[in-house]
Amino acid sequence: MDFVEDFRDPAAARKLLGAINRLASAGGGDEYFKFMEICGGHTHTIYRHGIEHLLPNNVELVHGPGCPVCVIPMGRIDDATWLAEQPDVIFTCFGDMMRVPGSNGSLLDAKARGADVRFVYSPLDALKIAVDNPDKKVVFFGIGFETTAPSTAVTLVRARELGLSNFSVFCNHVMIIPPIRAILESPDLRLAGFIGPGHTSTVVGIRPYRFVSEVYKTPLVVAGFEPLDLIASVAMLLTQIREGRCEVENQYSRVVPDRGNPAALTLMANVFELRPHFEWRGLGFISQSALKINGNFAEFDAELLFDMPGVRVADPKSCQCGEVLKGVLKPWECKVFGTACTPETPIGTCMVSPEGACAAYYNFGRMHRDAVKLAEPVRA
């Protein structure tokens, strides 16, 4: 297939869905298959195209902690707001971070109070702002999984080459493997398989996921982002189960190499190091799950240059983003979904981010499920 239309072909979709129905009913129809899509981009494809309503009743897709904006805890948002309001600071971030609520409002609220907050399309844009404003301290809010961490690393290398002393990064980059392990070890959810993240896998490859099948005996298929990619991935997972296999497979092989991107991985290793622990929204503290700027680039580390509060802040009691991120709840099961919490007035991060599950449900009209699925999955 060469064009976008090829990945949205109705005839091909009907053929795959027929195979899914046969595979799902092969055991008599009383089995239940719960698959988690880890990436927020997958969630939006699923609900934009109504894929969840095309699957048989005993196949369910639930959301995981793969939205980089959604997993940032409120305390780190408060630190970002504090930074933005310091004298002579220009605070830069991606656009979807502007409206994420903290206990003292969002970065957009800080901007309304007079802080110089600017959204950028890449960290290199923030670097240019630092070059153009030598009398200001320019801070970039680095977020994202291994997908975006290489661009931050490139920017730090370039900052050193330019000899900049007024640029720093508030690093909140996280890693994909630790939360998957935390999900697998959680008693709250039993899964039949995973749909692995496509974008992150372009950097890390598929080898790091092998522990999922080898240790936890759960299949995983790395998937692309078009409708046929997701439908094919479900068929691949069901095929593994029916054939008695448990493997890591690569549906997105047109983009994802098995070994990932060695140049990007090397660059990240030169600039970052693992944090001993990091707090995730909904998952709590997970050891060695995030990156910090290493000692070789310490002059660009905002956490060393500024005396930030670093206070842990609890989520609002009414918000159930944590349960949504763990796949325990569907967004419409949250008490404030679509009422007090909307994209215009978000209470939690899942309603803010373009990759958030709550935003996907709200924007594409999936306000409730037509049928409640009560059976248990066939694999732990």
Side-chain angles (χ1 to χ4, degrees), residues 1-64 66 191-199 201-202 206 209 212-213 218-258 327 330 355 357 360-361 363-366 369-373 375 377-379:
M1 293 188 283
D2 300 316
F3 303 101
V4 170
E5 292 80 3
D6 296 332
F7 293 94
R8 301 180 182 182
D9 178 58
R14 282 192 290 270
K15 184 177 180 180
L16 282 168
L17 289 167
I20 288 173
N21 276 280
R22 289 190 297 273
L23 290 163
S25 61
D30 57 347
E31 298 166 299
Y32 193 76
F33 306 93
K34 184 178 288 188
F35 300 131
M36 174 178 281
E37 85 272 0
I38 300 168
C39 181
H42 288 155
T43 301
H44 274 252
T45 296
I46 290 165
Y47 294 102
R48 181 184 298 115
H49 296 279
I51 292 173
E52 86 283 15
H53 292 305
L54 301 176
L55 299 175
N57 285 334
N58 64 332
V59 176
E60 181 182 6
L61 300 178
V62 297
H63 332 297
L191 296 170
F194 285 96
I195 298 175
H199 291 149
S201 300
T202 62
I206 68 170
Y209 306 116
V212 177
S213 60
T218 304
L220 183 148
V221 175
V222 172
F225 294 88
E226 290 298 326
L228 289 186
D229 289 327
L230 274 301
I231 296 171
S233 299
V234 172
M236 292 169 70
L237 286 168
L238 288 170
T239 298
Q240 283 199 47
I241 292 171
R242 290 305 182 205
E243 293 179 353
R245 295 186 290 115
C246 184
E247 301 172 4
V248 174
E249 293 184 314
N250 186 6
Q251 185 277 333
Y252 204 26
S253 58
R254 66 183 185 275
V255 174
V256 175
D258 287 358
K330 293 287 190 176
E355 294 190 4
Y361 269 70
N363 290 330
F364 301 116
R366 270 61 179 181
R369 290 287 293 188
D370 292 335
V372 178
K373 302 179 178 183
V378 295
R379 288 173 181 249

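If you're wondering where the values come from, they're calculated on a predicted model, not measured in any experiment.
Using a 4.5 Å cut-off on side-chain heavy atoms (C-beta onward), Thr239 and Arg245 make contact. Within the 4.5 Å cutoff, no side-chain heavy atoms of Val234 are placed close to those of Phe33. Looking only at side-chain heavy atoms (C-beta outward), Tyr252 and Phe225 come within less than 4.5 Å of each other. Using a 4.5 Å cut-off on side-chain heavy atoms (C-beta onward), Leu220 and Ser213 make no contact. Residues Ile20 and Leu54 form no side-chain contact, since every pair of their non-hydrogen atoms from C-beta on lies 4.5 Å or further apart.
Between the side chain of His49 and the main chain of His44, no donor-acceptor pair closer than 3.5 Å is present. Listed for the Ser233 side chain is no donor-acceptor partner under 3.5 Å among the backbone atoms of Val221. A donor-acceptor pair is defined here as one N or O able to donate and one able to accept, closer than 3.5 Å; such a pair exists between the side chain of Gln240 and the backbone of Glu247.
Classification of Arg254 and Asp229 as a salt-bridged pair holds, one side-chain N sitting under 4.0 Å from a carboxylate O.
Nearest heavy-atom pair across Ser201 and Val256 is O-CG1, 3.4 Å. Nearest heavy-atom pair across Ala192 and Ile241 is O-CD1, 4.0 Å. Here the closest non-hydrogen pair linking Ile231 and Ala13 is CD1-CB, 4.3 Å. Taking all atoms of both residues into account, the shortest heavy-atom contact from Ala360 to Thr43 is CB-CG2, 4.1 Å. Heavy atoms only, all atoms of each residue included: His42 and Gly196 are closest at CE1-O, 3.1 Å. What you find for Ala24 and Val59 is that their closest heavy atoms are CB-CG2, 3.9 Å.
Considering CG of Asp30 and CG of Asn58, their distance stands at 9.0 Å, rounded to 0.5 Å. Here OG1 of Thr45 is found 6.5 Å from CD1 of Ile51. Values are rounded to the nearest 0.5 Å. The CG atom of Leu230 sits 7.5 Å away from the CG atom of Leu61 when rounded to the nearest 0.5 Å. Annotation: the span from Leu55 atom CG to Leu238 atom CG amounts to 9.0 Å, rounded to 0.5 Å. Put simply, CG on Leu23 and CE on Met236 are 12.0 Å apart, with the number rounded to the nearest 0.5 Å.
Remark: the Glu52 side chain and the Tyr47 side chain contain no N/O donor-acceptor pair separated by less than 3.5 Å.
Aromatic ring centres of His63 and Tyr361 lie closer together than 6.0 Å.
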